[in-house]
Amino acid sequence: MHELSLTEKILRLVLEQAGNHKAAKITRIKLVIGDLSGIIPACVEQYFGLIAAGTIAAGAKLEFQRSKAELYCPVCEESFEKRPADFNCPRCGSLAQLTESGRECFVESIEVD
């Protein structure tokens, strides 16, 4: 359900940016979503289709780029890509710590006419 408020924020942001550039139509929006963000792209697409109706963003294509989660091992002092359902360091087996990588969600770019 948090995708609705997120999608509203995305729409406000892209409309503001398009307005700043006096664009007549938003044709494409590229989003980066981390694997640990808890955001479901299909929900964002569905909400976007509903709330963008009647705006210059109606019909814009949404593109999603997933970013991998990264963990940090305090014992080995190295970062590594998180494996599914595993928070342990692949080298020493210690419990690793979450980093910011993989939790992000942002608009990378928009294309306008």
Working to the nearest 0.5 angstrom, can you tell me the gap between [X] [atom1] and [Y] [atom2]?
{"X": "Lys82", "Y": "Glu70", "atom1": "NZ", "atom2": "CD", "value": "13.0 Å"}
{"X": "Leu11", "Y": "Ile26", "atom1": "CG", "atom2": "CD1", "value": "7.0 Å"}
{"X": "Leu71", "Y": "Phe80", "atom1": "CG", "atom2": "CZ", "value": "4.5 Å"}
{"X": "Asn88", "Y": "Ser94", "atom1": "CG", "atom2": "OG", "value": "8.0 Å"}
{"X": "Gln65", "Y": "Ser109", "atom1": "CD", "atom2": "OG", "value": "9.5 Å"}
{"X": "Leu15", "Y": "Ile10", "atom1": "CG", "atom2": "CD1", "value": "11.5 Å"}

Hey, does [Y] have a side-chain heavy atom less than 4.5 Å from the side chain of [X]?
{"X": "Leu6", "Y": "Cys105", "answer": "yes"}
{"X": "Thr27", "Y": "Val112", "answer": "no"}
{"X": "Val107", "Y": "Gln17", "answer": "no"}

What pairs with Asp86 under salt bridge (charged side-chain N to carboxylate O under 4.0 Å, His left out), at least two apart in sequence or on another chain?
Arg83

With sequence neighbours left out, write down each residue that passes salt bridge (charged side-chain N to carboxylate O under 4.0 Å, His left out) with Arg12, or none if nothing qualifies.
none

What closest approach, in Å, do Cys92 and Cys76 show between heavy atoms, and which atom pair accounts for it?
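Between these two residues, the closest heavy atoms are SG-SG, 3.6 Å.
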
What pair of heavy atoms forms the shortest contact from Ile56 to Ala24, and how long is it?
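Of all heavy-atom pairs spanning Ile56 and Ala24, the closest is CG2-O, 3.3 Å.
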
Would you kindly confirm whether [X] and [Y] end up in one hydrophobic cluster when ILVMFWY residues are joined by side chain heavy atoms under 4.5 Å apart?
{"X": "Val75", "Y": "Leu95", "answer": "no"}
{"X": "Ile33", "Y": "Phe106", "answer": "no"}
{"X": "Val14", "Y": "Val32", "answer": "no"}

I'd like to know if the side chain of [X] and the backbone of [Y] have a donor-acceptor N/O pair within less than 3.5 Å.
{"X": "Glu104", "Y": "Gly102", "answer": "yes"}
{"X": "Thr7", "Y": "Phe48", "answer": "no"}
{"X": "Lys61", "Y": "Lys30", "answer": "no"}
{"X": "Thr99", "Y": "Tyr72", "answer": "no"}

Count the heavy atoms belonging to other residues, nucleotides or ligands that lie under 6.0 Å from NZ of Lys25, then report whether that count exceeds 12.
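Yes - once you tally the heavy atoms of other residues, nucleotides and ligands closer than 6.0 Å, there are more than 12.
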
Got a sec: does the CD of Gln46 have more than 12 other heavy atoms crowding it under 6.0 Å?
no

Verify side-chain contact (heavy atoms from CB on, under 4.5 Å) between Cys73 and Arg91, making sure each step is shown before the conclusion.
CA-CA 9 Å; Cys73 176; Arg91 179 182 283 178; over 6 Å; no

Side chains of residues 35-45: which donor-acceptor pairs under 3.5 Å do they make with residues two or more places apart or in other chains?
| unit_1 | atom_1 | unit_2 | atom_2 | d |
| --- | --- | --- | --- | --- |
| Asp35 | OD1 | Arg66 | NE | 3.3 |
| Ser37 | OG | Gly34 | O | 2.8 |
| Ser37 | OG | Ile39 | N | 3.3 |

